[in-house]
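In what follows, a single structure is set out as structure tokens and then discussed.
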Amino acid sequence: MKVLFEKKYDPSDFEDKIYEKWTESNCFKASNKKTDKKTYAIAMPPPNVTGKLHMGHSLDNTLQDILIRFKRMMGFDVLWVPGVDHSAIATEVKLVEQLREEGLTKEEIGREEFLKRAFAWKEKYEDNILNQLKKLGVSCDFSRKRFTMDEQFSEAVFVFFKRLYDDGLIYRGKRIINWCFGCGTSLSDAEVEHKEKDGNFYYIKYKLADEDGYLEIATTRPETIFADVAVAVNTDDERYKKYAGKSVLVPIINKKIPIIYDSYVEKDFGTGALKITPGHDPNDFEIGKRHNLEIIDLFDDKGKLNSFAGPFEGMDRKKARKEVAKKLEELGVLVKIEPLKHGVGHCYRCGEVVEPKLSMQWFVKMDVFKKPALEVVQNGDINFIPKRFEKIYFNWVENVRDWCISRQLWWGHFIPAYHCLDCGHINISRKMPSCCEKCRGSNLEQDGDTLDTWFSAALWPFSIFGWPDEKSPDYLKFYPTDTLVTGYDIIFFWVARMIFAGLYNTKKAPFKNVLIHGLVRDEQGRKMSKSLGNGVDPIDVIKLYGADALRFTLASGVNAGNDMRYSEKKVVASRNFANKLWNASRFIFMQLNELDIKLNFNKISFSDEDLFIEDRWILYKLNVLIKELTKNIEDYEISVACSKLYEFIWSVFCDWYIELFKIKKACGFYSKDSKEEEKNKKSAFSLIVYVLDSILKLLHPFMPFITQKIYFELYGEDKIISTQSWPKEIENLDIEKKAKEFEKVIEVVGALRNFRAAENIAKKVKITVYIKTNYFDIFKECEQFLVHLAGCQEVNFIEEKEIENSRKIVTDSAIIYVYLGDLVDEEKEKEKLLKEKEFLEKEISIFEKKLSNDNFLNKAPQDVVLKEKEKLSSKQEKLSKILSSLKNF
RNA sequence: GAGAGCAUAGCUCAGCUGGUUAGAGCGCUUGCUUGACAUGCAAGAGGUCGUUGGUUCAAGUCCAGCUGUUCUCACCA
């Protein structure tokens with residue numbers, strides 16, 4: 001016989017080894033051959049190569065793995081493709097940080113050396129990340145792992161860019177864009193986070209140019225006055241009508257600028273006079289265009305003021321704000337400073353304040369994408385789960401503006417453009433062309449910018465299958481994918497862009513369902529962050545409690561797109577659950593060993609006539625579980641599925657069925673050497689193993705390691721559970737009726753236990769019990785269960801007579817007399833029964849009232865009425881039992 | 001400024017299309033060294049489901065307002 005499995009449940013003992021077994025067996029590797037099986041594919045949201053995985057990744061991948069493992073067991077041909085994203089800006093920030101620690105800048109080491117370091121970084125962290133994913137137990141196909149900058153991906157990016165360019169959807173131009181001085185690059189609108197900040201509103205006097213007097217303006221950014229080209233007031237503002245055609249002088253530099261009239265200006269905000277800085281404000285830019293104003297760019301790429309700032313040239317913009325205010329005060333033109341709460345844009349990567357800045361950038365025209373992207377969700381080709389995120393998506397898509405795709409970063413896909421220095425023509429090409437396609441000149445220069453990281457990420461769900469090669473077997477078999485699992489924080493960056501790019505490039509929606517989850521927060525509900533130091537490393541949790549416990553915790557906590565709180569206590573509870581299953585399995589294993597029972601893998605059988613009432617009960621409960629669980633997973637109700645598994649395994653299987661099994665054994669049910677017992681023994685073991693086997697499979701998607709480990713212990717080290725079939729409901733067995741009957745026995749056991757606890761009857765003291773019931777057959781069959789579970793000396797069945805000196809316990813199905821001899825306190829006894837009587841009468845009157853209400857009888861559905869009637873009669877039955885007991889006092 | 005989510009036991013949350021006496025885990029109380037498990041077993045205490053109205057035979061459950069809270073979007077300097 002095999003060696004018993006370890007007494008102690010220690011996941012660190014076997015989780016890694018089990019992952020190795022899976023890898024060796026290639027059970028997660030998909031075949032690209034066409035079969036008649038249905039396919040199910042997920043494109044894993046590729047983690048950033050910036051560092052290590054966090055709880056959010058654990059949640060995201062746990063959910064995906066549950067779906068993938070479930071579908072695999074359901075018989076689908078599944079493929080889950082993993083990979084990492086080069087995450088241009090995030091990684092570049094890290095690399096620059098690393099350089100700074102060495103006292104270097106990226107300019108000092110040069111582009112080539114920088115990219116060398118970046119690729120080295122990628123190699124290192126990609127490995128880290130993939131290993132962490134394995135620790136979590138993900139069943140993705142690592143033979144297909146992808147990277148957003150690998151060769152084939154770069155080809156995809158080029159094809160996408162070229163198509164857009166040829167279709168006239170990409171243009172290059174000088175626009176006001178969001179500029180991050182921290183990262184030294186432009187950003188798209190989505191990459192700017194607006195935060196309410198306490199700022200100052202500076203009221204500044206601008207002297208009139210040719211006469212006495214002044215105009216007062218208000219601004220939050222006094223350092224930008226050097227880029228002012230006008231002061232604007234509302235066309236209808238009576239206060240300012242007299243200044244038509246006049247000019248003012250910008251303080252400090254005394255530059256003469258005109259007063260203009262524009263309807264954009266709000267009379268009631270600030271002073272009603274607005275300084276116009278087209279180089280550094282998108283609205284001012286628009287006003288400037290309308291009035292043909294000059295555009296002044298005041299900052300260099302590092303955020304320092306340039307020569308336009310006169311005496312402030314070379315000063316950092318943040319310092320300049322204070323210094324300029326100080327100077328204005330000295331000049332006596334600073335009227336006042338008011339505190340003002342206003343939205344300020346911040347870089348989503350480095351957190352620096354983002355400035356609007358005029359800059360030459362590449363853009364994608366978004367208008368043509370809107371309609372198809374809206375339609376595909378409106379008509380249900382793509383479903384968001386939960387549905388409310390569709391509204392958020394619609395709102396964003398409807399209002400999306402042209403997408404700035406160029407970045408002044410070094411890490412990323414080069415913009416595939418070569419500028420002809422002779423004729424100015426832009427050549428779109430993956431590599432340096434031999435000459436300009438227009439003038440044939442050879443004086444070409446590569447565009448220095450790289451692409452927004454999300455430009456390539458948008459291609460992920462089809463590029464991973466080989467696109468732009470539309471004949472690639474994976475693409476033909478697995479695209480479009482089925483479910484996309486991701487956080488709500490990434491809907492705009494990624495989900496929307498994948499839909500745009502998918503529809504444009506492949507004419508298909510890239511996925512069918514989008515399962516949105518929330519953030520994993522800390523115990524107090526705060527976002528996990530580096531600065532707060534409240535982040536929890538999933539790997540630490542796995543080391544302590546096992547991946548299964550972490551997965552189960554996350555899966556149990558996830559709920560309809562809402563955030564969840566992580567706490568170690570929850571993981572402990574999940575670990576305890578795993579421990580429970582471990583020990584239950586070990587118990588069954590020990591029984592098998594003891595009686596030398598050999599298991600036939602996948603050939604567990606039992607026949608109808610061999611089943612006892614408790615067997616029918618557990619089979620019925622199992623049937624219900626299989627049915628509901630399957631539906632729950634298909635409906636993405638993952639946490640509901642978790643609680644059902646928890647309840648069944650712990651409270652039904654362990655607390656009851658295994659305990660009943662023990663009693664049967666203790667009663668010599670199958671220890672004697674007779675034919676009858678041999679049959680019982682076979683049947684009982686077949687059944688308990690059958691139920692355990694089903695449990696392991698049902699739990700496998702959630703807790704893959706422990707279920708696999710127990711499977712190995714049961715059947716041998718070559719039996720992979722991941723590729724077994726999902727359990728099916730048992731049909732054609734008479735189990736439902738018997739199961740309901742067995743619940744009566746459970747109720748009586750509960751009542752007796754309750755009685756013992758209330759009366760402080762010691763464990764060792766056995767009570768003598770008399771039962772009066774209409775369900776004699778059931779209770780007789782379960783006599784031994786009552787004896788052992790409720791600590792009875794003996795159980796006697798009576799028909800008519802009353803038992804003197806006993807305590808009476810009434811359930812729906814029986815009156816139980818517990819003989820207490822002289823100990824019984826008649827008064828107390830009577831009091832209890834009266835109390836119960838009173839309670840029942842109250843309940844019954846509520847039901848009667850309801851059932852005598854014609855409105856209810858006529859309007860409520862018949863099955864509800866029937867149910868209520870049944871309830872009433874069961875209450876009445878119980879009451880009559882109590883009344884008859886009371887007669888004896 | 002616009003929109004969305006949340007509000008149920010001390011804490012963290014379930015409660016699907018309205019239908020018993022509103023559930024779980026943790027915590028708490030009382031017993032248990034019961035041969036799988038003290039990472040456990042058994043029994044319990046604890047909630048007028050944020051507030052005010054409305055719809056309905058029937059409302060944590062649907063609708064509206066209010067309060068509190070979290071978040072998203074938005075070019076008021």
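Note that these values count all heavy atoms, side chains included, but never hydrogens, waters or copies made by symmetry. Labels below follow one simple rule: chain letters A, B, ... track the order of the sequence lines, proteins then strands, and each chain is numbered from 1.
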Item to check | Pairwise P distance for B:G10 and B:A22, with rounding to whole Å | outcome: 16 Å

Item to check | Salt bridge A:Asp237-A:Lys267, side-chain N to carboxylate O under 4.0 Å | outcome: no

Item to check | For B:G60, glycosidic torsion class - syn if within 90° of 0, otherwise anti | outcome: syn

Checklist entry - B:G18 pairs with which nucleotide, Watson-Crick or G-U wobble, both distances below 3.5 Å? => result none

Checklist entry - Which heavy atom in A:Glu15 sits nearest to a heavy atom in A:Phe705, and how many Å separate them? => result O-CE2, 3.2 Å

Checklist entry - Between A:Asn576 and B:G40, is there a side-chain N or O to OP1/OP2 distance below 4.0 Å? => result yes

Item to check | Counterpart base for B:C6, defined by Watson-Crick or G-U wobble contacts under 3.5 Å | outcome: B:G68

Checklist entry - Are any of A:Asn754's side-chain N or O atoms less than 4.0 Å away from OP1 or OP2 of B:G44? => result yes

Checklist entry - Checking all strands, does A:Ile392 fall into the base, sugar-phosphate, or nothing category for heavy-atom contacts under 4.0 angstrom? => result nothing

Next on the checklist: With a 4.0 Å limit, can you tell me whether A:Arg565 has a side-chain N or O closer than that to the phosphate oxygens OP1/OP2 of B:U12?
Outcome noted: yes

Checklist entry - Where the side chain of A:Asn395 is concerned, which of B:A77, B:C73, B:G5 is the nearest nucleotide? => result B:C73

Checklist entry - Which is true for A:Ser567 with a 4.0 Å heavy-atom rule: it touches a base, it touches only sugar-phosphate, or it touches nothing? => result nothing

Next on the checklist: Would you say A:Arg401 places a side-chain N or O within less than 4.0 Å of OP1 or OP2 belonging to B:C75?
Outcome noted: yes

Next on the checklist: When you measure only distances, ignoring hydrogens and angles, does the side chain of A:Glu659 come within 3.5 Å of the base of B:A36 through a donor and an acceptor?
Outcome noted: yes

Checklist entry - With both distances under 3.5 angstrom, what nucleotide forms a Watson-Crick or G-U wobble pair with B:G27? => result none

Checklist entry - Can you tell me how far P in B:G60 sits from the matching atom in B:C49, rounded to whole Å? => result 7 Å

Checklist entry - Using purine N1 to pyrimidine N3 plus N6-O4 or O6-N4 for Watson-Crick, or N1-O2 and O6-N3 for G-U wobble, both under 3.5 Å, which nucleotide pairs with B:G40? => result B:C32

Checklist entry - Given that both distances must come in under 3.5 Å, which nucleotide forms a Watson-Crick or G-U wobble pair with B:A58? => result none

Next on the checklist: Could you check whether A:Lys709 pairs with A:Glu713 (Lys NZ or Arg NE/NH1/NH2 to Asp/Glu carboxylate O, under 4.0 Å)?
Outcome noted: yes

Checklist entry - Which value, in whole Å, describes the distance between the C1' atoms of nucleotides B:U70 and B:U30? => result 41 Å

Item to check | Axial cation check for A:Phe587 ring with A:Lys662, 6.0 Å and 45° limits | outcome: yes

Checklist entry - Please give, in whole Å, the distance from B:G3 C1' to A:Glu390 CD? => result 16 Å

Checklist entry - Do the charged groups of A:Lys871 and A:Glu868 touch, with an N to O distance under 4.0 Å? => result yes

Checklist entry - For A:Asn562, which contact category applies under a 4.0 Å heavy-atom criterion: base, sugar-phosphate, or nothing? => result sugar-phosphate

Checklist entry - Less than 3.5 Å between a donor and an acceptor, one on the side chain of A:Lys8 and one on the base of B:U39, is that the case here? => result yes

Next on the checklist: Between B:G47 and B:G23, how far apart are the two C1' atoms, rounded to whole Å?
Outcome noted: 11 Å

Next on the checklist: With a 4.0 Å cutoff (strictly under), does any side-chain N or O of A:Lys662 reach OP1 or OP2 of B:A36?
Outcome noted: yes

Checklist entry - Under 4.0 Å between a Lys/Arg side-chain N and an Asp/Glu carboxylate O for A:Lys867 and A:Asp863? => result no

Item to check | Value in whole Å for how far the P atom of B:U72 lies from CD of A:Glu193 | outcome: 7 Å

Checklist entry - If we take the C1' atom in both B:C75 and B:C63, what is their distance in whole Å? => result 37 Å

Checklist entry - With sugar-phosphate meaning primed atoms plus P, OP1 and OP2, does A:Asn399 contact a base, only sugar-phosphate, or nothing at under 4.0 Å between heavy atoms? => result nothing

Checklist outcome for this item: Scanning all shown strands, the Watson-Crick or wobble mate of B:G1 with both distances under 3.5 Å is B:C73

Checklist entry - OP1 or OP2 of B:U20 sitting under 4.0 Å from any side-chain N/O of A:Lys867? => result no

Next on the checklist: Tell me if the side-chain of A:Lys875 makes a donor-acceptor pair with the base of B:U21, cut-off 3.5 Å, by modelled atom types.
Outcome noted: yes

Item to check | Distance below 4.0 Å between A:Trp650 side-chain N/O and B:C41 OP1 or OP2 | outcome: yes

Checklist entry - Between A:Lys580 and B:C41, does any side-chain N or O lie under 4.0 Å from OP1 or OP2? => result yes

